[in-house]
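First the structure, in the form of structure tokens, and then the observations on it.
Computed from a predicted model, the values in this text were never measured in an experiment.
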Amino acid sequence: AFTVQAARSGVTVQVPVGCSISSVLLKAGVTVWTSCEQGVCGTCLTPLLAGEADHRDRYQTAEEKAAQNQVALCCSRALSPTLVLDL
Ligand code: FES
């Protein structure tokens with residue numbers, strides 16, 4: 001599990017193995033827009049303020065992934081203990 005903070009919403013959640021960041025945030029009442037839920041469309045890309053994402057999408061380029069400026073919430077995991085989102 002890892003921690004995700006939705007900074008603007010003031011919500012912090014634990015994302016267990018097998019659950020997507022987007023599904024956990026939705027359950028916590030944070031609006032997350034998704035479409036494909038497979039890392040393809042880019043709908044769920046959200047600015048990443050802090051932390052290091054384990055990108056699992058196929059939407060961002062390798063350069064974009066390395067920049068760690070945004071994260072696809074439907075499929076990605078975390079390499080750092082916490083991800084802080086501009087959400
Ligand atoms: Fe399509 Fe996340 S919903 S990439």
Are [X] and [Y] connected, step by step, through hydrophobic side chains (Ile, Leu, Val, Met, Phe, Trp, Tyr) whose heavy atoms are closer than 4.5 Å?
{"X": "Ile21", "Y": "Leu26", "result": "yes"}
{"X": "Val11", "Y": "Leu83", "result": "yes"}
{"X": "Val32", "Y": "Val13", "result": "yes"}
{"X": "Leu45", "Y": "Val30", "result": "no"}

Open item on the list: With no hydrogens and no angle check, just 3.5 Å: does a side-chain donor-acceptor pair link Gln5 and Thr12?
Closed with: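 Absent: no donor and acceptor within the cut-off.
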
Minimum side-chain heavy-atom gap [X]-[Y] below 4.5 Å:
{"X": "Leu85", "Y": "Val71", "value": "yes"}
{"X": "Lys65", "Y": "Asp57", "value": "yes"}
{"X": "Leu73", "Y": "Thr34", "value": "no"}
{"X": "Leu79", "Y": "Phe2", "value": "no"}

Task: From SG (Cys44) to CG (Leu25), nearest 0.5 Å - done: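 Those atoms lie 11.0 Å apart.
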
Task: Separation of Glu37 CD from Ser23 OG (nearest 0.5 Å) - done: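 The CD atom of Glu37 is 8.0 Å from OG of Ser23, to the nearest 0.5 Å.
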
TODO: Using side-chain hydrogen bond (donor to acceptor under 3.5 Å, both in side chains) as the criterion, point out the one residue from Gln60, Gln70, Glu64, Arg77 that pairs with His55.
DONE: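 Exactly one pass, corresponding to Gln60.
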
Task: Evaluation steps, side-chain contact (heavy atoms from CB on, under 4.5 Å), between Val40 and Tyr59 - done: CA-CA 5 Å; Val40 176; Tyr59 182 83; over 6 Å; no

Task: Shortest non-hydrogen separation from Ser22 to Cys74 and the atoms involved - done: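 Nearest pair, atom of Ser22 first, then Cys74: OG-CA, 3.4 Å.
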
Would you check if the side chain of [X] reaches a backbone N or O of [Y] as a donor-acceptor pair within less than 3.5 Å?
{"X": "Ser9", "Y": "Leu87", "result": "yes"}
{"X": "Ser76", "Y": "Arg56", "result": "yes"}
{"X": "Ser80", "Y": "Gly51", "result": "no"}

